[in-house]
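Accompanying notes for the structure given below.
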Protein chains: 2
Amino acid sequence: MTRLHSGNPLPEISDPVRAMLDSMAAWTGAPEDEAQCPVRDVLDRVGQKWTLLILVALEPSPKRFSQLQRQVGDISKRMLTQTLRQLERDGMVSRQVFPTKPPSVEYALTDLGRSALAPIGALLVWADSNHETIRASREAFDAEEVS
Amino acid sequence: MTRLHSGNPLPEISDPVRAMLDSMAAWTGAPEDEAQCPVRDVLDRVGQKWTLLILVALEPSPKRFSQLQRQVGDISKRMLTQTLRQLERDGMVSRQVFPTKPPSVEYALTDLGRSALAPIGALLVWADSNHETIRASREAFDAEEVS
DNA sequence: GAGATATGGTCTCATAAATAGACCGACTAT
DNA sequence: ATAGTCGGTCTATTTATGAGACCATATCTC
C-alpha cells in the first residue's frame, strides 16, 4: 500500500460540518427514531466492515463478482453477495447480468455511490496521515497497562 | 463526474483523495498485512458502530461516563466502556478521573480525535444530504422484489 | 469420457461480536 | 432504612460474520 503521508495535517472543521456535528450532539439519545435519523442509518451501513472496501474497489472501473472477491481478498462469497445487495438496494451500486456462456455479472458505482467516495476518501486520507500517530499511541497505552 | 441533481450536492473527488482511492483499489486483497494497512486498521475502528457516535458526542465539550450513556441513548455500558477504552488507546480521547465523593470520570477529545471529526463530519453531511435519495431507492428496490 | 476450472450464487454450520441487564462498593439524599 | 448516583465488570443471550460445501452450466485438457 502506497504511503501518501507527509506530516500530520490536522484538518480544521468547516462551518457546515460543525453545524452538522453540533446538531447531532445536541440530540439526546432516542432509540425509537432510529429509522428517522439519517446519520444513524448511513452510519450503520458504513459500519458494515465490507461496504467501504467494496465501494473503493469499484471506483476505478466496474467489476465482476469474482473479480471483486479476488481483489478484496478475505471476504467470503456470502458477505460479498450480502454487501452488494445492500449497496444495490441503497442505489450506490448497479448490477447488470450478461447472458454469457458462464453468466457474468457486472457491478458498477452509480453517481450516488461515486459521490459517497469523496467524503469516504477524505476519511481514508486522514487514516493514512495519522496512522503512525495512532500506532504510537497504542504502543504507549499498552506499555503502561502492563506496568 | 456528472452532476445529476442540482438539489443534492454530489461532491467532486479531489486529486489527493483520488490518488488515495486508486492506490487502495490497485492493491489486491491480502489478509496477512491487515495490521500493516492503515486504511483497514482505521476502517475497522470506524466500523465499530459506536465509535463515531461517541466522537460526535464529545465534540462540543468533554463529558462524563453516564452523561455519554444518556446522550447516545441505546448503548450498553459494556459497549460504552469498550469503545471509550479503544478510543483512549488510539489517542483520540483522554480520560481523567476526579476523586469526588462518587468518583467522576471525564472523557474529552484530544487534538487527534478532534481532527478526525473533519472527515467524519463531511461523511455525516453527505449522509444527511443524500438520505432521502437512499430511502427512495430502497423503496423502489423492495417494490420490484415483491413483484 | 473423466477431471479440472470457471461462472455467480445459496445453504449450513461454527465462531466471533454485540446486547441487555444484573451486580458491585462507596457514597448521598430522603 | 431505602433508594439513587457514580463508573464500571460479569454473564447469558441474541446477532453478525466467516469457512466452506454445493449447484447447474459450460469450456478446456487428457
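Any value given below was found using the heavy atoms of this structure, including those in side chains, with hydrogens, waters and symmetry copies removed. Residue numbering restarts at 1 for every chain, and letters A, B, ... go by the order of the sequence lines.
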Exercise. Rounded to the nearest Å, what distance is computed from the CG atom of residue B:Leu53 to the C1' atom of nucleotide C:dT19?
Worked result: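 Computing the B:Leu53:CG to C:dT19:C1' distance gives 15 Å.
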For this session: Round to a whole Å and report the spacing from CD of A:Gln69 to C1' of C:dT5.
Result: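 Checked: the CD to C1' distance equals 15 Å.
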Side chains of residues 78-85 of chain B: which donor-acceptor partners sit under 3.5 Å, not counting sequence neighbours?
| residue | atom | partner | partner atom | Å |
| --- | --- | --- | --- | --- |
| B:Thr81 | OG1 | B:Lys77 | O | 2.8 |
| B:Thr83 | OG1 | B:Met79 | O | 2.7 |

Exercise. By salt bridge (charged side-chain N to carboxylate O under 4.0 Å, His left out), which residues pair with B:Glu88, not counting sequence neighbours?
Worked result: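 Salt bridge (charged side-chain N to carboxylate O under 4.0 Å, His left out) list for B:Glu88, sorted by chain: empty.
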Exercise. Sequence neighbours excluded, which residues qualify as salt bridge (charged side-chain N to carboxylate O under 4.0 Å, His left out) partners of B:Glu132?
Worked result: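 By the salt bridge (charged side-chain N to carboxylate O under 4.0 Å, His left out) rule, B:Glu132 matches B:Arg135.
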Problem set entry | By side-chain contact (heavy atoms from CB on, under 4.5 Å) - contacts of A:Ser104 (at least two apart) |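 side-chain contact (heavy atoms from CB on, under 4.5 Å) list for A:Ser104, sorted by chain: A:Arg64, A:Phe98, A:Thr100.
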Exercise. Quick one: side-chain contact (heavy atoms from CB on, under 4.5 Å) partners of A:Val17, sequence neighbours excluded?
Worked result: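 side-chain contact (heavy atoms from CB on, under 4.5 Å) list for A:Val17, sorted by chain: A:Ile13, A:Ser14, A:Leu21, B:Val125.
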For this session: Determine, for nucleotides 2-18 of chain D in 5'-to-3' order, which nucleotides have protein heavy atoms under 4.0 Å from the base (write B), from only the sugar-phosphate (write S), or from neither (write -).
Result: ----SBBBBB-----BB
